[in-house]
Amino acid sequence: SSTMAFSAEEVQSARGAWEKMYVDAEDNGTTVLVRMFTEHPDTKSYFTHFKGMDSAEEMKQSDQVRGHGKRVFTAINDMVQHLDNSEAFLGKLNPLGKKHATQLKIDPKNFRIICDIILQLMEEKFGGDCKASFEKVTNEICAHLNNIYKEAGW
């Protein structure tokens, strides 16, 4: 499944949807992480500096949470630029997946959680069409991450 089947139209609407989110990459990235940590507290255990933070307000103010939120959004942005080129897309995703699987040992189910929260936020801010046009992207990201994890022996 190394080729991604995005039509030119799908690529365009996915990029349009993502651009709306990426304009406020740090704030939206932070919102997504804070929601993940709040709704799925076990995900905090991977982040030593967030462990002691219990209030959403405290997390929102944290430079580490904000920095990681922005990094997540930047990584997705890099992939979105390559939806029409699966080799380049995987070139961005593979090292990231390997790092999370082998060094950081992050459970792959967390990628689905974070993608679902991104879609949820998109829908809240920009409506169902926006969410729908990005859903396929998150499915691709998660499917490829699962493959990378299998190869890494998960």
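Please read all numbers here as calculations on a predicted model, not as lab measurements.
Counting all heavy atoms, side chain and backbone alike, Tyr149 lies closest to Ile106 at OH-O, 2.6 Å. When every heavy atom of Ala75 is checked against every heavy atom of Leu96, the shortest pair comes out as CB-CD1, 4.3 Å. Contact between Asp54 and Glu58 at its shortest, heavy atoms only, is N-OE1, 3.7 Å. Closest approach of Leu33 and Val65 over heavy atoms only: CD1-O, 3.5 Å. The two residues Leu83 and Ala14 come nearest to each other via the heavy atoms CD1-CB, 3.9 Å. In plain terms, the two heavy atoms of Phe50 and His68 that are nearest each other are CZ-CB, 4.5 Å.
Annotation: the span from Met36 atom CE to Asp42 atom CG amounts to 9.0 Å, rounded to 0.5 Å. Atom-to-atom distance recorded for Met59:CE and Thr30:OG1 is 12.0 Å, nearest 0.5 angstrom. For the atom pair Lys70 NZ and Asn77 CG, the distance stands at 10.5 Å (nearest 0.5 Å). In this structure, CG on Asp107 lies 8.0 Å from CD1 on Ile113, to the nearest 0.5 angstrom. With rounding to the nearest 0.5 angstrom, the OG1 atom of Thr31 is 11.0 Å from the CD1 atom of Ile118. Remark: Met53 CE to Gln64 CD distance equals 5.5 Å, nearest 0.5 Å.
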Trace of the side-chain contact (heavy atoms from CB on, under 4.5 Å) decision for Leu93 with Asp78: CA-CA 9 Å; Leu93 190 52; Asp78 287 344; over 6 Å; no
Candidate pair Asp27 and Phe73, rule side-chain contact (heavy atoms from CB on, under 4.5 Å), full reasoning: CA-CA 10 Å; Asp27 279 344; Phe73 268 52; over 6 Å; no
Criterion side-chain contact (heavy atoms from CB on, under 4.5 Å) on Thr74 and Tyr22, from CA distance to verdict: CA-CA 8 Å; Thr74 303; Tyr22 194 62; 3.6 Å; yes
Chi angles and distances behind the side-chain contact (heavy atoms from CB on, under 4.5 Å) call for Phe6, Glu140: CA-CA 10 Å; Phe6 283 97; Glu140 282 292 329; 3.5 Å; yes
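Using a 4.0 Å cut-off between charged nitrogen and carboxylate oxygen, Arg35 and Asp116 do not count as a salt-bridge pair.
A donor-acceptor pair is defined here as one N or O able to donate and one able to accept, closer than 3.5 Å; no such pair exists between the side chain of Lys92 and the backbone of Phe89. Judged by distance alone, with hydrogens and angles left aside, the side-chain atoms of Arg66 form no donor-acceptor pair with the main-chain N or O of Gln61 at under 3.5 Å.
Both Leu104 and Ile148 are part of a single hydrophobic cluster, where members link through side-chain heavy atoms under 4.5 Å apart.
By the 6.0 Å contact criterion, NZ on Lys99 is open, its count of non-hydrogen atoms from other residues, nucleotides or ligands being 12 or less. Other residues, nucleotides and ligands place more than 12 heavy atoms under 6.0 Å from the CD atom of Gln120. In Glu39, the CD atom is crowded: over 12 heavy atoms of neighbouring residues, nucleotides or ligands sit closer than 6.0 Å.
No donor-acceptor contact under 3.5 angstrom links the side chains of Asn147 and Glu151, judged on distance only. Counting only N and O atoms by type, the side chains of Arg112 and Asn139 include a donor and acceptor under 3.5 Å apart.
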Distance-only donor-acceptor pairs under 3.5 Å for side chains of residues 130-137, two or more places apart:
| from | atom 1 | to | atom 2 | distance (Å) |
| --- | --- | --- | --- | --- |
| Ser133 | OG | Asp129 | O | 3.2 |
| Ser133 | OG | Cys130 | O | 2.9 |
| Lys136 | NZ | Ala5 | O | 2.5 |
| Lys136 | NZ | Glu10 | OE1 | 3.1 |
| Lys136 | NZ | Glu10 | OE2 | 3.4 |

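Taking the six-membered ring for Trp and the full ring otherwise, Phe111 and His100 have centroids separated by under 6.0 Å. Ring centers of Phe126 and Trp18: at least 6.0 Å apart, outside the cut-off.
Looking at heavy atoms from C-beta onward, Asn28 lies out of side-chain contact with Val32 at the 4.5 angstrom threshold. Between Pro108 and Leu145, every side-chain heavy-atom pair lies at or beyond the 4.5 Å cut-off.
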